[in-house]
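Reviewing the structure listed below.
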Amino acid sequence: MKAVWNDAVLAESEDTVVVEGNQYFPHDAIKMEFFKKSSTKTTCSWKGVASYYSVTVNGKTNPDCAWYYPEPSDAAKQIKNYVAFWNGVRIVK
């Protein structure tokens, strides 16, 4: 699986986890040169508190388009150290 935005591959892995229809990529599969931590946080009632990354590719920024759970709940422990995408980031095989 690949996460693609603005003609760049942001992440690529054969070891993704699907939760609620979202592909979560292992943290070591993302290309950190495109990512910058955001101050945004959201709370999911069963997964816990999510943190976000903004992505910049070729001078364009997609704010808060990637999220992860640094300390997920026990019910979501399978996505610890995994990152998911939205907001125009395409997930392709």
Side-chain angles (χ1 to χ4, degrees):
M1 302 300 291
K2 293 180 185 178
V4 179
W5 183 72
N6 200 22
D7 296 324
V9 175
L10 305 177
E12 186 171 5
S13 178
E14 294 178 10
D15 183 31
T16 61
V17 175
V18 179
V19 175
E20 295 183 323
N22 295 302
Q23 292 278 347
Y24 282 79
F25 290 76
H27 194 273
D28 62 5
I30 68 173
K31 298 184 179 177
M32 284 306 297
E33 65 266 25
F34 298 125
F35 292 76
K36 182 177 181 185
K37 285 188 178 184
S38 164
S39 61
T40 301
K41 303 237 187 279
T42 59
T43 301
C44 172
S45 61
W46 72 273
K47 292 187 293 266
V49 177
S51 295
Y52 287 77
Y53 288 113
S54 294
V55 170
T56 301
V57 176
N58 297 325
K60 291 185 180 180
T61 299
N62 190 343
D64 298 336
C65 69
W67 75 90
Y68 61 100
Y69 291 87
E71 296 297 328
S73 68
D74 286 343
K77 64 185 174 191
Q78 75 273 25
I79 58 171
K80 184 173 177 72
N81 298 317
Y82 279 69
V83 179
F85 298 90
W86 75 303
N87 201 28
V89 177
R90 293 181 299 115
I91 306 302
V92 297
K93 287 186 176 184

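Expressed to the nearest 0.5 Å, how far OH of Tyr82 lies from OG of Ser13 amounts to 7.0 Å. With rounding to the nearest 0.5 Å, the separation of OH in Tyr68 from CZ in Phe35 is 11.0 Å. The distance from atom CG of Leu10 to atom CD1 of Ile91, rounded to the nearest 0.5 Å, is 8.5 Å.
Contacts of Phe34 classified as ring pair (Phe, Tyr, Trp, His ring centres under 6.0 Å), with partners at least two apart in sequence or in another chain: none. Listed by chain and residue number, Phe25 satisfy the ring pair (Phe, Tyr, Trp, His ring centres under 6.0 Å) test with Phe85 (two or more places apart in sequence, or in another chain). Shown here are the side-chain hydrogen bond (donor to acceptor under 3.5 Å, both in side chains) partners of Asp64, two or more places apart in sequence or in another chain: Ser38, Thr40.
Legend: salt bridge (Lys or Arg N to Asp or Glu O under 4.0 Å) pairs involving residues 43-52, not counting sequence neighbours, sorted by first then second residue: Glu20-Lys47. Residue pairs satisfying the salt bridge (Lys or Arg N to Asp or Glu O under 4.0 Å) criterion with at least one member in residues 65-91, sequence neighbours excluded, are listed as follows: Glu71-Lys80.
Scanning both residues, Trp86 and Ala66, for their nearest heavy atoms gives CD1-N, 4.5 Å.
In the hydrophobic clustering, where aliphatic and aromatic side chains (Ile, Leu, Val, Met, Phe, Trp, Tyr) are joined below 4.5 Å either directly or transitively, Val4 groups with Val9, Val92.
The aromatic rings of His27 and Tyr53 sit tilted relative to each other, their planes meeting at an angle between 30° and 60°. Ring pair Trp67/Tyr24 is perpendicular by interplanar angle, where above 60° counts as perpendicular and below 30° as parallel.
Inter-residue side-chain proximity for Met1 and Lys93 is flagged as met; some heavy-atom pair is nearer than 4.5 Å.
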